[in-house]
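Computed over heavy atoms, backbone and side chain alike; hydrogens, waters and symmetry mates excluded. This chain uses plain numbering: 1 for the first residue, then up along the sequence.
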Amino acid sequence: IPAYMTRIKETSCGGIVYRKTSQGHIEVLLLEWRNKRGFSKYVLPKGHMEETETAQETALREICEETGLPWSELEMVKFVTKMTLSFIANNIEWAPIIDKDVYIFLVKHKGNSEPKPQLSERFFGYRWFPVAEIPKLDVKPDIYEIMHQNEIYL
């Protein structure tokens, strides 16, 4: 197989972190991420699964690392979706094809800490978005639909 056709299998896990405001509204936490060219977008906290972890453990660890929120203030509510992506990793010299499974969980922030995004991972900010604003953003997966499908769990 030529190097440029090499496939790499990856697994990532993360979450839709939400909170209820004092007025009872639901807000979703998104991190502002910038690529090396300076383009920025809002993303969910997620990252690579370690060999010894479950998907839930990875999701909570990555959320804590990337958002700076303490584990004690996060409550795993439920698994909500699995996305499967395939893309060419042009940032790697031989441009392999990455086949990635991404497991997304619904996670409640039940504390008062404010996020402190992980600067080393090119996270430069965060924002709590009202659910109604989510459709205006280009965020994968469809957070707006997931939140509506899971209203009874919120």
Visitor: Thinking salt bridges, do Asp138 and Lys136 make one under a 4.0 Å N-O criterion?
Guide: no
Visitor: Charged N to carboxylate O below 4.0 Å: is that the case for Glu114 and Arg19?
Guide: yes
Visitor: Please confirm whether Trp128 and His25 have ring centers closer than 6.0 angstrom.
Guide: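 Not under 6.0 Å, so no.
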Visitor: Under the ring pair (Phe, Tyr, Trp, His ring centres under 6.0 Å) rule, collect the residues that match up with Phe124, sequence neighbours excluded.
Guide: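 Residues passing ring pair (Phe, Tyr, Trp, His ring centres under 6.0 Å) with Phe124: none at all.
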Visitor: Against Thr58, only a single residue in Glu53, Lys46, His48 fulfils side-chain hydrogen bond (donor to acceptor under 3.5 Å, both in side chains); can you say which?
Guide: Glu53
Visitor: Could you check whether Lys108 pairs with Glu75 (Lys NZ or Arg NE/NH1/NH2 to Asp/Glu carboxylate O, under 4.0 Å)?
Guide: no
Visitor: May I ask you to decide whether Asp101 forms a salt bridge with Lys82, counting only side-chain N to carboxylate O separations under 4.0 Å?
Guide: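 Yes, Asp101 and Lys82 are salt-bridged.
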Visitor: Do any pairs count as a side-chain hydrogen bond (donor to acceptor under 3.5 Å, both in side chains) and have a residue in residues 62-71, sequence neighbours left out, and if so which ones?
Guide: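 Sorted pair list: Arg61-Glu65.
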Visitor: Is the side chain of Glu57 donor-acceptor paired with the backbone N or O of Thr54 at a distance under 3.5 Å, no angle test?
Guide: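 Indeed, once roles are kept as given, a pair shorter than 3.5 Å links the two residues.
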Visitor: Set out, in order, the CA-CA distance, both residues' side-chain angles and the distance that settles side-chain contact (heavy atoms from CB on, under 4.5 Å) for Leu30 and Leu44, then state yes or no.
Guide: CA-CA 5 Å; Leu30 294 176; Leu44 292 174; 3.6 Å; yes
Visitor: Per the side-chain contact (heavy atoms from CB on, under 4.5 Å) rule, which among Leu29, Ile134, Ile26 passes with Phe129?
Guide: Ile134
Visitor: By the salt bridge (charged side-chain N to carboxylate O under 4.0 Å, His left out) test, which pairs, at least two apart or in different chains, include something from residues 84-99?
Guide: Arg7-Asp99
Visitor: Count the heavy atoms of every other residue, nucleotide or ligand shown that sit under 6.0 Å from CG of Asn112, and state whether that count exceeds 12.
Guide: no
